[in-house]
Amino acid sequence: MKSTVKAIMMGVVFAIFLISQGCKKDPGPGETIEDIQLGKLSKTWSFSSVQLDGVDQPGYDNFSLTISGTAGNTSFGYSVSGSPTPNPWPASGTWSFGATPETQIVRDPDTADQLDLTYSVSATQLQIDFNFSGSGYPGGKTNNVNGQWVFVLQ
């Protein structure tokens, strides 16, 4: 009799297991790489350091970059404040992810101001690297802004 009860109990446990496996919901496709990166990037980032061709740049102590967007979209927004004149950043614009979303951004895609940026981001720091050539914003001397920029923000 003990073996019959034991067999019935094992059958009940096995049936419960099978039923519970059949009740799992499909988790769906999950977050895209772009959505994950957007979540990391979306906030207002403040000055930590700014270099042009390896030289610290003055005037950026109040610099901030705000990155915003909605998951699932392909175009996002940015705005800057506290920049000296001239500088390599327009006051605002759009951006999209580049070919490698984990490290590449295209600033102001499909415009005369289009610029490829390389970035790395953690919970506490954003670093953006790019090579800028032009007169700067809102306009100024070319030799003041041309070159390899590195913005470290927190």
Side-chain angles (χ1 to χ4, degrees), residues 14 16-154:
F14 185 68
I16 291 171
F17 174 75
L18 288 178
I19 291 170
S20 70
Q21 293 301 307
C23 293
K24 285 189 176 179
K25 293 184 178 182
D26 181 11
E31 280 188 299
T32 65
I33 292 171
E34 290 85 352
D35 289 349
I36 292 168
Q37 293 304 105
L38 178 63
K40 294 176 183 178
L41 291 166
S42 293
K43 72 183 227 179
T44 297
W45 298 93
S46 300
F47 167 85
S48 181
S49 70
V50 175
Q51 291 188 339
L52 172 58
D53 294 329
V55 177
D56 288 337
Q57 295 300 294
Y60 285 89
D61 293 344
N62 296 317
F63 179 84
S64 68
L65 168 65
T66 301
I67 297 175
S68 59
T70 302
N73 288 349
T74 58
S75 182
F76 312 100
Y78 73 88
S79 63
V80 299
S81 64
S83 298
T85 300
N87 73 84
W89 287 93
S92 63
T94 61
W95 65 275
S96 61
F97 285 106
T100 307
E102 297 94 334
T103 59
Q104 296 175 335
I105 290 174
V106 179
R107 187 180 81 186
D108 299 312
D110 302 320
T111 71
D113 292 326
Q114 180 172 321
L115 184 64
D116 293 332
L117 312 176
T118 300
Y119 78 95
S120 62
V121 65
S122 70
T124 59
Q125 183 174 319
L126 171 63
Q127 179 172 319
I128 300 174
D129 301 60
F130 57 92
N131 192 344
F132 184 84
S133 66
S135 59
Y137 304 95
K141 298 177 183 174
T142 302
N143 62 350
N144 288 347
V145 293
N146 283 344
Q148 185 65 38
W149 287 87
V150 178
F151 281 76
V152 178
L153 307 165
Q154 52 192 358

Practice prompt. Go through the structure and list residues passing side chain to side chain contact (heavy atoms under 4.5 Å, CB included) with Ser122, not counting sequence neighbours.
Written response: Thr124, Gln125

Worksheet, complete the sentence: Sorted by chain and residue number, the side chain to side chain contact (heavy atoms under 4.5 Å, CB included) partners of Lys43 (sequence neighbours excluded) come out as Trp45

Worksheet item: For Thr100, does its backbone N or O pair with a side-chain atom of Gln104 as donor and acceptor, under 3.5 Å?
Response: yes

Fill in: Side-chain heavy atoms of Ile105 within contact of Leu41, under 4.5 Å
yes

Side-chain donor-acceptor pairs of residues 147-154 under 3.5 Å, sequence neighbours excluded:
unit_1: Gln148; atom_1: NE2; unit_2: Phe130; atom_2: O; d: 3.3
unit_1: Trp149; atom_1: NE1; unit_2: Val145; atom_2: O; d: 2.7

Discussion item. Restricting to non-hydrogen atoms, name the atom on Ser135 and the atom on Pro86 that form the minimum distance, rounded to 0.1 Å.
Written reply: O-CB, 4.0 Å

Discussion item. Applying side chain to side chain contact (heavy atoms under 4.5 Å, CB included), can you list everything that pairs with Thr74, at least two apart in sequence or on another chain?
Written reply: none

Cut-off 3.5 Å, no hydrogens considered: what does the side-chain donor-acceptor table look like for residues 55-72, sequence neighbours left out?
unit_1: Asp56; atom_1: OD1; unit_2: Gln51; atom_2: NE2; d: 3.1
unit_1: Gln57; atom_1: NE2; unit_2: Val55; atom_2: O; d: 3.0
unit_1: Ser64; atom_1: OG; unit_2: Ser81; atom_2: OG; d: 2.8
unit_1: Thr66; atom_1: OG1; unit_2: Thr44; atom_2: OG1; d: 2.9

Practice prompt. Report the distance from atom OH of Tyr119 to atom CZ of Phe97, rounding to the nearest 0.5 Å.
Written response: 4.5 Å

Worksheet item: For Ser83 and Asn87, which heavy atoms make the closest approach, and how far apart are they?
Response: CB-ND2, 3.2 Å

Item to complete: Taking all heavy atoms of Glu34 and all of Pro101, pick out the closest pair and write down the distance.
Response: OE2-CG, 3.5 Å

Give the table of side-chain donor-acceptor pairs shorter than 3.5 Å for residues 106-117, with sequence neighbours excluded, one pair per line with atom names and distance.
unit_1: Arg107; atom_1: NH1; unit_2: Pro88; atom_2: O; d: 2.8
unit_1: Arg107; atom_1: NH2; unit_2: Pro88; atom_2: O; d: 3.0
unit_1: Asp108; atom_1: OD1; unit_2: Tyr78; atom_2: OH; d: 3.4
unit_1: Asp108; atom_1: OD1; unit_2: Thr94; atom_2: N; d: 3.1
unit_1: Asp108; atom_1: OD2; unit_2: Tyr78; atom_2: OH; d: 2.7
unit_1: Thr111; atom_1: OG1; unit_2: Asp108; atom_2: O; d: 2.7
unit_1: Thr111; atom_1: OG1; unit_2: Asp113; atom_2: N; d: 3.1
unit_1: Thr111; atom_1: OG1; unit_2: Gln114; atom_2: N; d: 3.4
unit_1: Asp113; atom_1: OD1; unit_2: Tyr137; atom_2: OH; d: 2.9
unit_1: Gln114; atom_1: OE1; unit_2: Asp110; atom_2: N; d: 2.8

